[in-house]
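Just so you know, these numbers come straight off a predicted model, no measurement behind them. Chain letters run A, B, ... following the sequence lines, proteins first, then strands; residues in each count from 1. Values reported hereafter were calculated over all heavy atoms of this structure, with side chains retained and with hydrogens, waters and symmetry mates removed.
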Amino acid sequence: MEVDLPNVPGQSILCTGESPPERYGSFNPNLDSIMPAKNIPSLKSVDELTLKEARAEHEALSTEIAEHDRRYYEEDAPTVSDAEYDTLRKRYEALEGMFPELKTSESLTQKVGSRASEKFAKIRHRVPMLSLANGFADEEVEEFVERIRRFLQWKADAPLVFTAEPKIDGLSLSLRYEKGKLVSAATRGDGAEGEDVTANARTVDDIPHVLKGSDIPDVFEVRGEVYLSHKDFAAINERQEAAGKPLFANPRNAAAGSLRQLDPKITASRPLCFFAYAWGEVSKMPADTQYGMMEALRGFGFTVNKLTRRCSSIAEMLEHYHEIETDRANLGYDIDGVVYKVDDLGLQQRLGFVSRSPRWALAHKFPAQKAVTVLEGIEINVGRTGSLNPIARLRPVTVGGVVVSNATLHNEDYIKGIGGNGEKIREGVDIRIGDTVIINRAGDVIPKVLDVVLEKRLDDAKPYEFPTQCPACGSHAVREVNPRTGKEDAVRRCTGGLICPAQARERLKHFVSRNAFDIEGMGEQRIDEFYEEGLVQRPQDIFTLAERNARSLKRLENREGWGATSVSNLFAAIEARRSIALNRFIFALGIPHIGETSARLLARHFHTFDALREAAKAAADPESEAHAELTAIGGIGPVVAETVVEFFKEEHNEEMLDALLAQVNVEPMEAPATLNSPVAGKTVVFTGSLEQMTREEAKAMAERLGAKVAGSVSKKTDIVVAGPGAGSKLAKAAEFGVQVMDEDGWFALVGRNGS
DNA sequence: ATCCCTCGAGTTCA
DNA sequence: CTCGAGGGAT
């Protein structure tokens, strides 16, 4: 058996030109983290065109768009993604905006029946649609309940009631009713913003157009799951087959496909069902428990799942879980687990959220489907940070309706059968090429090698030798030793740094990615090509591309598959990003350990890029004030500070920054919007034992109000909330003259529930 | 010194 | 979605 080490280890994922599926955003109350860059700045290159050029481009676009429209409407076979279509359309409109004489009666913008600029309009959820924490083992349910008891400081014998209901495997939908009438329906989308599928939702029998009953809140957002029964799924697939159309892999895909039909008539012909189980914005709550809400929903005319129960102990929860599991095959629709929720809505509110899921709910999933296949090879990809990432190449196998041919192997130790904190496969069992392996899809998504079938191991199978040289540049690849713990890092990294082409490409991909510069049309493939051809090798090259192209003989327009339009689209996308928010800019640099969150922390603290840069350079001396300032930022510790310092020390980076800053405008970050609360922007320290709330609750509450919560008192502290038994911190507060109050004082200041 | 949580950086397929 | 590691609390 041979190992195929690819020369070019970059990713092999296809770039469709469409932006990748939305990654989850952060669902903290402040949603700025997931907001796209503000308004798109003017398309600069349009106003540089002469009328003659504009006319030519306008005409070309007109033909192209008309053709896409025809394909879309008449053949139902579009050849471009919606995103690409939109770019064309926007450019077209921009041209007309600049040269109104182009706007004749022949213009596509003047004709009716033109395709809407996007398939579905977006709807912003007033209350984000969150995901649930999940677990597989019974113990995880116990931990979940324990965690809640601890958080609430609930005594062991104090009653705590949960609801338990099947977790439907469909699509989440949010329905908005105003004065009892259905006004809109939106898919979950990324949780913050979904697609408007109102017309389609109206065709679902289980979704009432008007709520029943008398005491109906003015605003009621009902959430639940759209799904297809097994019977209807089979019928739809029969019809698809008869019509020679591709079959749906599973009921969930079929339901998704049906709901996202542009023509509601098609949706109407698919017998979709809907279970209600949650809510978003509600002007007046009809009940104060989860179970009560379910009953209320039924009263309003919704279908709620019959298997919803109230449970008052872990034993009851598990019993109901196993009951549902036993019944699973007979339900007639797909479920993938059981959801537990704290019944009391007051307690739900107290429990609040951890990152992006509620602390008061857990999805207890059924064991994931497994499959057996053969490990045909191990490939090594090189990441942006130089990490050597092993990928299992598998003999293709179907797991849960999807064909899987790759899976991650995590790192060297995982292959060797040495477990870190996470699970190892099995004590002392390593993974070898040619092995028969068991895989599943973790959380039904990411394929993972679970175990090796040792009985089937080939006699000549040898332990896999993890490369100690970078497959891309040949540099040494090492596992650094963590100076604190004296332990080796789990990942082996290429030491090639700037000379490693794989790292350079990955850094570029990061730079243009959605949460960084977000340059549309700069996908994996295009970066790879441009890099290869020497057109774009460093971030700053992106912004001089158009200029160089204009001078060069080897023009982009002459490349195969490139027309004037694709080139002007790309340039327009680049121009649109010449101005960028500070936090995005910092994130885009790809400094190790600086992700979205830390980038925002730095942006908020320094306000301008120059300030950050100055501070980082001054912090080269670990004894300096600047160094202390860095580590004083909450969330930035010694390791992260050091990495930032190192980044700005590097001469190549200096050069890159100078070149880049000559090309782009980094918008200073304004001081965080002062929330309308008495503690907004203040730094609060809680000390002593708190009697009316737990520390965690206090912290969550203060942060909700826009305050920063610190652990120790300094001269930057604004308020110290001291309970009984407060000691040194109280003394410090006196020393610095910081305002001190007790819990009652705190509540008097901010109100009982923190609103 | 050790826990717990959050974050970053990697990952699949359609 | 997962892991490992950093940061902060204990």
Would you kindly give the [atom1]-to-[atom2] distance between [X] and [N], to the nearest whole Å?
X: A:Ile380; N: B:dT11; atom1: CD1; atom2: P; value: 11 Å
X: A:Leu388; N: C:dC3; atom1: CG; atom2: P; value: 20 Å
X: A:Asn440; N: B:dT11; atom1: CG; atom2: C1'; value: 14 Å
X: A:Glu143; N: B:dC5; atom1: CD; atom2: P; value: 10 Å
X: A:Ile633; N: C:dG8; atom1: CD1; atom2: P; value: 10 Å
X: A:Arg479; N: C:dA5; atom1: CZ; atom2: P; value: 9 Å
X: A:His510; N: B:dA9; atom1: NE2; atom2: P; value: 7 Å
X: A:Ile594; N: C:dG6; atom1: CD1; atom2: C1'; value: 11 Å

Checklist entry - Given that A:Val404 and A:Ser598 both sit by DNA chain B, which one's nearest nucleotide is further toward the 5' end? => result A:Ser598

Next on the checklist: Closest-nucleotide mapping onto DNA chain B: is A:Ser387 or A:Arg147 further toward the 5' terminus? I mean the 5' end.
Outcome noted: A:Arg147

Picking from [options], which would you name as closest to the side chain of [X]?
X: A:Thr385; options: B:dG10, C:dG4, B:dT11; value: B:dG10
X: A:Ile391; options: B:dG10, B:dT12, C:dG7; value: B:dT12
X: A:Arg384; options: B:dG10, C:dA5, C:dG7; value: B:dG10
X: A:Asp489; options: C:dA5, B:dT11, C:dG6; value: C:dA5

Next on the checklist: Using the side-chain contact (heavy atoms from CB on, under 4.5 Å) criterion, which residues pair with A:Glu488? Sequence neighbours excluded.
Outcome noted: A:Arg479, A:Val481

At under 4.0 Å, does any side-chain N or O of [X] touch on OP1 or OP2 of [N]?
X: A:Asn381; N: B:dT11; answer: yes
X: A:Asn389; N: B:dA9; answer: no
X: A:Asn406; N: B:dT11; answer: no
X: A:Lys448; N: C:dC3; answer: yes
X: A:Ser405; N: B:dT12; answer: no
X: A:Thr597; N: B:dG8; answer: yes

Checklist entry - Nearest heavy-atom pair of A:Pro390 and A:Ile415: which atoms, and what distance? => result CB-CD1, 3.7 Å

Checklist entry - So do the side chains of A:Asp518 and A:Arg584 get within less than 4.5 Å of each other, counting heavy atoms only? => result yes

Next on the checklist: Salt bridge check, A:Arg395 against A:Glu376: does any charged N sit closer than 4.0 Å to a carboxylate O?
Outcome noted: yes

Item to check | Counterpart residues, ring pair (Phe, Tyr, Trp, His ring centres under 6.0 Å), relative to A:His593 (two or more places apart) | outcome: none

